Amino acid sequence: MKLQATLLTLGLLLTTSIYADGEKLFDAKCASCHTKTRPSDISTLVAPPIMGVMRHVKMNYKNKDEAVAFIVGYTLNPQKAKAVCETEKIKSFGLMPSQKGNITKEELQIIAGWIYDNFGSRGQGRGMGRGHGKCKGEGNQF
């Protein structure tokens, strides 16, 4: 019984640590471009807010493992053919630059798990109030 309680406590601490690390890593590696909150002035954005990115990821990938794999692969090697998004986003922001050399795959996996759990519900309303539809693999960005 004590062993089970100890393992449960260790599991909770590890999960809490990963979530804290995920947010810290996001803040250090991603937040300079992707905001965590909806901005009051969208003209100041250099990339889509993370809640919009994740909404589109979740519309296109059925589960967390698939979504995390997509985020890791796309962040290290972004390609128009792989993008999930609204048509206007690539026109507004351009294709995300590769983050290879700026972030490790392991860091990305932690970040991707954290943003999956904290942003973008399937079936939420359309992005930024403009009414654009989702698309996948049509040369568009989040």
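Computed from a prediction, not measured in an experiment: that's the story for all the values here. Any value given below was found using the heavy atoms of this structure, including those in side chains, with hydrogens, waters and symmetry copies removed.
Between the side chain of Lys89 and the backbone N or O of Pro48, no donor-acceptor pair lies under 3.5 Å.
For Ser43, the side chain to side chain donor-acceptor pair (under 3.5 Å) criterion is met by Asp41, not counting sequence neighbours. With sequence neighbours left out, Thr75 forms a side chain to side chain contact (heavy atoms under 4.5 Å, CB included) with Ile71, Met96, Gln99, Leu108. Partners of Lys36 under the salt bridge (charged side-chain N to carboxylate O under 4.0 Å, His left out) rule, at least two apart in sequence or in another chain, are Glu23, Asp27. Legend: residues meeting salt bridge (charged side-chain N to carboxylate O under 4.0 Å, His left out) with Asp65, ordered by chain and number and at least two apart, are absent.
Rounded to the nearest 0.5 Å, atoms SG (Cys30) and CG (Leu25) are 8.0 Å apart. Rounding to the nearest 0.5 Å gives a distance of 6.0 Å between CD1 of Ile110 and CG of Asp21. Taking CZ of Phe93 as the start and CD of Glu88 as the end, the distance is 11.0 Å to the nearest 0.5 Å. Rounded to the nearest 0.5 angstrom, Lys24 NZ and Ile111 CD1 are separated by 13.5 Å.
The nearest pair of heavy atoms linking Val46 to Cys33 is CG2-CA, 3.5 Å. Contact detail for Lys62 and Glu66: the closest heavy-atom pair is N-OE1, 3.1 Å.
Between Phe119 and Trp114, the ring planes lie perpendicular to each other; the angle is over 60°, past the 30° to 60° tilted range.
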side-chain contact (heavy atoms from CB on, under 4.5 Å), that's the test. Do Asn60 and Phe70 meet it? Break it down for me. CA-CA 10 Å; Asn60 286 277; Phe70 166 76; over 6 Å; no
Can you list the steps and then say if Val53 with Val84 is a side-chain contact (heavy atoms from CB on, under 4.5 Å)? CA-CA 8 Å; Val53 171; Val84 295; over 6 Å; no
Could you walk me through whether Phe26 and Ile115 pass the side-chain contact (heavy atoms from CB on, under 4.5 Å) check? CA-CA 8 Å; Phe26 180 90; Ile115 59 177; 3.8 Å; yes
Before you tell me yes or no, could you show the steps for Leu95 and Ile90 under side-chain contact (heavy atoms from CB on, under 4.5 Å), namely the whole-Å CA-CA distance, both residues' side-chain angles and the distance that decides it to 0.1 Å? CA-CA 6 Å; Leu95 190 65; Ile90 202 161; 4.2 Å; yes
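Thr35 has its side chain out of reach of Ile50: every pair of non-hydrogen atoms, C-beta onward, lies at least 4.5 Å apart. Two residues are said to be in side-chain contact when any heavy atoms from C-beta on lie closer than 4.5 Å; Pro39 and Pro49 meet this criterion. In this structure, Lys82 and Asn77 have side chains that are in contact, with non-hydrogen atoms separated by less than 4.5 Å.
Counting only residues at least two apart or on different chains, the salt bridge (Lys or Arg N to Asp or Glu O under 4.0 Å) pairs with a member in residues 93-107 are Lys29-Glu107.
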